[in-house]
Q: 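Have a look at this one.
Just so you know, residue 1 is the first one in the sequence shown, and it goes up from there. Please read these numbers as outputs of a predicted model, since none were measured by experiment.
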Amino acid sequence: MRPHQFPVAAGHIPPGAIGHNRGVVRPNYAFMPPEGVLVSRLPQFERTIGRILTAPVMGARFAQYVLEIEPGGGTRQPFREDGIQHFYYVLSGQVGFAIAGGPAQALTSGGFAYVPAGVAFSLRNEGPEPARVLALRKRFEAIDLPAPEPIISHRDAVPVTNHTGLEGRGFQFLLPYGDMRFDFEMNLMWFKPGTCFPDVETHVMEHGLYMLEGQGLYFLGTEWHEIWAQDFIWMGGYCPQQFYPAGFGDACYLLYKNVNRDVAL
């Protein structure tokens, strides 16, 4: 049980509930522990709880969610959005994912799907157990190249690379790395115990970071935060940032990053 997570008897406030909060929202970043992210309902989904992690109202130029889908739940009908692309990553359970009227493919934990802007898809949980899915929506920044194709895959099919050459860090590029048709990346970042960023990074790209495994310390702005599985971080452009894994095992997070486009003036 995490600190400040206590069983709550009906009508009683648990000890330490007042004035204790790991969550922080700053002008250029936010640290969001799951216990503070409340339930939302989304009209395109049935039998589904949506927990909105970040959105433009916070300052982000994308939206990210955790979807908790009951058996028999999911999209009410094939869903599409003009100009908006989608990415889904299965955290637990199993769902069926279909793109552009094709057959549904089973996705289990670690499975993912990319849906180009304007393409219809369906996401359903037809199994006996609840499913949890990380979702992302971003407006597509079109350039003079063909739009990307849909992708349905699993992280086990993606090689782990040592992108930076630093010992103890691994990268899995879930979307094709360096493909200029894409205007964002979704990467799994792996860290061995004792590994860290070589520098405090300060760059133009923004991030949505969802902690999948392990734990560590994350530096944001001028503050350090202890991060555990299911925590979420939004980092705006030029937010100083650094990560140091602090557990006994590997740490892994899923990282959104906007790339491959010039600065809008």
Side-chain angles (χ1 to χ4, degrees), residues 31-32 34 53-54 60 62-67 85-95 97 105-115 123 131-138 148 150-179 182-198 201 203 205-220 225 227-235 241-260:
F31 179 82
M32 307 289 288
L53 303 173
T54 194
F62 63 100
Q64 200 155 354
Y65 316 71
V66 170
L67 303 177
Q85 55 195 331
H86 292 244
F87 184 91
Y88 294 88
Y89 183 92
V90 180
L91 300 170
S92 62
Q94 178 173 307
V95 298
F97 203 98
Q105 299 188 42
L107 294 180
T108 56
S109 178
F112 62 91
Y114 168 76
V115 184
L123 168 63
R132 296 174 64 252
V133 179
L134 191 69
L136 183 139
R137 296 167 59 235
K138 180 187 183 296
I151 296 173
I152 298 180
S153 189
H154 192 279
R155 78 181 195 185
D156 289 349
V158 179
V160 179
T161 65
N162 188 350
H163 178 62
T164 62
L166 296 175
E167 193 69 27
R169 292 180 65 184
F171 295 72
Q172 286 179 281
F173 297 102
L174 303 187
L175 301 180
Y177 179 69
D179 188 333
F182 290 87
D183 61 3
F184 73 95
E185 294 178 359
M186 294 296 288
N187 304 328
L188 290 172
M189 313 287 288
W190 293 89
F191 296 82
K192 294 292 184 183
T195 310
C196 65
F197 287 12
E201 296 184 358
H203 51 65
M205 290 79 76
E206 70 172 335
H207 290 314
L209 183 158
Y210 189 84
M211 193 72 175
L212 294 173
E213 301 176 22
Q215 66 186 76
L217 299 173
Y218 220 102
F219 182 73
L220 298 166
H225 302 269
I227 182 171
W228 298 316
Q230 300 186 33
D231 287 344
F232 176 81
I233 299 173
W234 166 66
M235 290 169 266
Q241 57 195 263
Q242 188 177 30
F243 178 65
Y244 181 82
F248 293 104
D250 291 357
C252 178
Y253 54 72
L254 180 60
L255 188 72
Y256 159 86
K257 178 168 67 173
N258 57 321
V259 296
N260 298 337

Q: Go through the steps for Phe62 and Phe184 under the test ring pair (Phe, Tyr, Trp, His ring centres under 6.0 Å), then give the verdict.
A: CA-CA 10 Å; Phe62 63 100; Phe184 73 95; 8.8 Å; no

Q: Looking at the rings of Tyr210 and Phe232, which for Trp means the six-membered one, are their centres under 6.0 Å apart?
A: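 When the ring centroids of Tyr210 and Phe232 are compared, they turn out to be at least 6.0 Å apart.
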
Q: Determine the minimum heavy-atom distance between Ala60 and Thr54, stating which atoms define it.
A: CB-OG1, 3.5 Å

Q: May I ask you to decide if Leu91's main-chain N or O and Ser109's side chain share a donor-acceptor pair within less than 3.5 Å?
A: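 Confirmed, Ser109 side chain pairs with Leu91 backbone.
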
Q: Do Gln64 side-chain atoms and Leu53 backbone N/O form a donor-acceptor pair below 3.5 Å?
A: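 A pair under 3.5 Å: no.
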
Q: Walk me through it: do Tyr253 and Ile227 pass the test side chain to side chain contact (heavy atoms under 4.5 Å, CB included)?
A: CA-CA 10 Å; Tyr253 54 72; Ile227 182 171; 5.8 Å; no

Q: Is it the case that the side chain of Gln172 and the backbone of Leu188 share a donor-acceptor pair, with hydrogens and angles ignored and the cut-off at 3.5 Å?
A: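 No; judged by distance alone, with no hydrogens or angles, the pair does not exist.
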
Q: I would like to know whether Glu185 and Tyr177 meet side-chain hydrogen bond (donor to acceptor under 3.5 Å, both in side chains); could you show each step before the answer?
A: CA-CA 8 Å; Glu185 294 178 359; Tyr177 179 69; 5.4 Å; no

Q: Can you tell which of Phe87, Phe182, Tyr89, Phe97 makes a ring pair (Phe, Tyr, Trp, His ring centres under 6.0 Å) with Tyr114?
A: Phe182

Q: For a side-chain hydrogen bond (donor to acceptor under 3.5 Å, both in side chains) check, start with the C-alpha distance between Trp234 and Glu206, then their side-chain angles and the critical distance, and finish with the verdict.
A: CA-CA 8 Å; Trp234 166 66; Glu206 70 172 335; 2.9 Å; yes

Q: Go through the steps for Asn260 and Asp183 under the test side chain to side chain contact (heavy atoms under 4.5 Å, CB included), then give the verdict.
A: CA-CA 5 Å; Asn260 298 337; Asp183 61 3; 5.6 Å; no

Q: Check whether any side-chain heavy atom of Met235 sits under 4.5 Å from a side-chain heavy atom of Met205, and report yes or no.
A: no

Q: Indicate the atoms forming the closest heavy-atom contact of Pro245 with Ala251, along with that distance.
A: CB-CB, 4.1 Å

Q: Is there a donor-acceptor contact under 3.5 Å from the side chain of His207 to the main chain of Tyr256?
A: yes

Q: Can you check side chain to side chain contact (heavy atoms under 4.5 Å, CB included) on Met189 and Phe171, steps first, answer last?
A: CA-CA 5 Å; Met189 313 287 288; Phe171 295 72; 3.0 Å; yes

Q: Step through the shown structure and confirm whether more than 12 heavy atoms of other residues, nucleotides or ligands are within 6.0 Å of OH on Tyr244.
A: no

Q: Show your reasoning for whether ring pair (Phe, Tyr, Trp, His ring centres under 6.0 Å) applies to Tyr218 and Phe31.
A: CA-CA 10 Å; Tyr218 220 102; Phe31 179 82; 8.6 Å; no

Q: Of all residues at least two apart in sequence or in a different chain, which pass the side chain to side chain contact (heavy atoms under 4.5 Å, CB included) check with Thr108?
A: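 Result, side chain to side chain contact (heavy atoms under 4.5 Å, CB included) vs Thr108: Gln94, His154.
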
Q: Under the side chain to side chain contact (heavy atoms under 4.5 Å, CB included) criterion, do Leu107 and Val133 qualify, and how do the steps go?
A: CA-CA 10 Å; Leu107 294 180; Val133 179; over 6 Å; no

